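A short worksheet on the structure shown next.
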Amino acid sequence: VQLQASGGGLMQAGGSLRLSCAASGRSFSPSGMGWFRQAPGKEREFVAAIGWSGGRTYYADSVKGRFTIFRDNAKNTVYLQMSSLKPEDTAVYYCTARWGAAGPYDSRWSIPSGYDYWGQGTLVTVSS
C-alpha cells in the first residue's frame, strides 16, 4: 500500500487548506484512515481519523470544530479540510491507514502504533 499526501502549503492564520491522501497498491480495504502531524521538536500527534466503511470520525480536541475529515471510497482517497488555521497548526501532516478491527472507543484510532501504513507527509505552514 502506498499513500500519497498532497495539498500542504503556506497559509495565513484564519485561512483554509485541504489536504488529500490517495492510496494505491493492494486491494484497498482498510478499517480506517487518519491524519497525524508533527511539528519541529515535537512528537507526532493525532489529528483526525475516519472509519472506512461506516465513516465514523474522530478528532483531536485541538482541531475539533475547525478540521473535517472525509473520504471518497471510490477513489481510495481521504481528505482533511482545515479551516480557521492557527500558527500552532504548523507541522508536517502525515496520512495513514490501518487494518484490523477496532471498536469506536478503541484507543488505537488516535495513536501512531494503531496504523499500518504511512504516507510521506506534506508541510503546512501557518503564518500569524
Side-chain angles (χ1 to χ4, degrees):
V1 172
Q2 294 180 333
L3 304 176
Q4 183 68 44
S6 61
L10 175 63
M11 180 58 62
Q12 286 189 329
S16 299
L17 275 177
R18 178 180 291 184
L19 306 183
S20 301
C21 177
S24 61
R26 60 182 264 196
S27 177
F28 193 72
S29 183
S31 57
M33 293 189 72
W35 290 92
F36 284 73
R37 67 188 182 186
Q38 188 164 18
K42 295 188 176 181
E43 294 187 352
R44 191 168 297 189
E45 66 172 1
F46 171 71
V47 176
I50 187 167
W52 197 246
S53 58
R56 186 184 180 104
T57 56
Y58 308 81
Y59 294 96
D61 288 343
S62 58
V63 307
K64 204 170 292 183
R66 301 188 298 121
F67 291 9
T68 302
I69 187 171
F70 58 101
R71 84 252 191 256
D72 184 334
N73 294 50
K75 296 182 179 179
N76 289 344
T77 300
V78 66
Y79 304 90
L80 186 68
Q81 179 67 47
M82 306 185 294
S83 302
S84 301
L85 284 163
K86 304 175 181 180
E88 51 263 43
D89 295 320
T90 295
V92 176
Y93 284 71
Y94 298 91
C95 69
T96 185
R98 65 182 313 279
W99 265 251
Y105 304 105
D106 195 311
S107 62
R108 285 174 290 180
W109 284 107
S110 61
I111 56 176
S113 61
Y115 292 81
D116 303 290
Y117 296 95
W118 292 83
Q120 85 288 0
T122 185
L123 177 63
V124 173
T125 303
V126 183
S127 62
S128 57

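Note that the structure is predicted; figures quoted are calculated from it, not measured.
In this structure, the side chain to side chain contact (heavy atoms under 4.5 Å, CB included) partners of Ala48, at least two apart in sequence or on a different chain, are Tyr59, Ile69, Leu80. Every residue meeting the side chain to side chain contact (heavy atoms under 4.5 Å, CB included) condition with Ala91, not counting sequence neighbours, appears here in chain and number order: Arg37, Ala39, Tyr93. Taking the salt bridge (charged side-chain N to carboxylate O under 4.0 Å, His left out) definition, one finds that Glu88 meets it with nothing, sequence neighbours left out. Looking at residues two or more places apart in sequence or on another chain, you find a salt bridge (charged side-chain N to carboxylate O under 4.0 Å, His left out) between Asp106 and Arg108. For Lys75, the salt bridge (charged side-chain N to carboxylate O under 4.0 Å, His left out) criterion is met by no residue, not counting sequence neighbours.
The line from CE of Met33 to SG of Cys95 is 5.0 Å long, rounded to the nearest 0.5 Å. We find the OG1-CZ distance between Thr68 and Arg18 to be 9.5 Å, quoted to the nearest 0.5 Å. With values rounded to the nearest 0.5 angstrom, Leu17 atom CG is found 4.0 Å from Met11 atom CE. In this structure, the separation between OG on Ser128 and NZ on Lys86 is 14.0 Å, given to the nearest 0.5 Å. Summarising the geometry, atom OG belonging to Ser31 is positioned 7.5 Å from atom CG belonging to Asp116; distances are rounded to the nearest 0.5 Å.
When side chains are defined from C-beta on, Ser16 counts as touching Gln81, because their heavy atoms get closer than 4.5 Å. Between Arg66 and Asp89, the closest side-chain pair of non-hydrogen atoms falls below 4.5 Å. Counting heavy atoms from C-beta on, the side chains of Trp109 and Pro104 never come closer than 4.5 Å. Between Phe46 and Tyr58, some side-chain heavy-atom pair lies under the 4.5 Å cut-off. Using a 4.5 Å heavy-atom threshold, the side chains of Tyr94 and Leu3 count as separate. Inter-residue side-chain proximity for Val124 and Leu19 is flagged as met; some heavy-atom pair is nearer than 4.5 Å.
Closest non-hydrogen pair, Val126 versus Thr90, comes out as N-OG1, 2.9 Å. Thr122 approaches Gly7 most closely through the heavy-atom pair OG1-N, 4.2 Å. Scanning all heavy atoms of the two residues, the minimum distance from Ser53 to Arg71 falls at O-NH2, 3.0 Å.
Under the 4.5 Å side-chain heavy-atom criterion for grouping Ile, Leu, Val, Met, Phe, Trp and Tyr, Trp99 is connected to Trp35 within one hydrophobic cluster. A chain of hydrophobic side-chain contacts below 4.5 Å, direct or via other Ile, Leu, Val, Met, Phe, Trp or Tyr residues, connects Val92 to Phe36. Placement of Phe28 and Ile50 within a single hydrophobic cluster is found when ILVMFWY residues are connected by side-chain heavy-atom separations under 4.5 Å, directly or transitively.
Grouped by direct or indirect side-chain proximity (heavy atoms under 4.5 Å, Ile/Leu/Val/Met/Phe/Trp/Tyr only), Tyr79 sits with Phe70.
The closest donor-acceptor contact from the side chain of Thr96 to the backbone of Tyr117 lies under 3.5 Å. Between the side chain of Gln4 and the backbone N or O of Gly119, no donor-acceptor pair lies under 3.5 Å.
In this structure, Arg44 satisfies the cation-pi test against Trp118, with its NZ or CZ atom closer than 6.0 Å to the six-membered ring centre and inside 45 degrees of the ring normal. The side-chain tip of Arg98 does not point at the ring of Trp52 from less than 6.0 angstrom away and within 45° of straight on.
Under 4.0 Å is where a charged nitrogen must lie from a carboxylate oxygen, and between Asp61 and Lys64 at least one such pair does.
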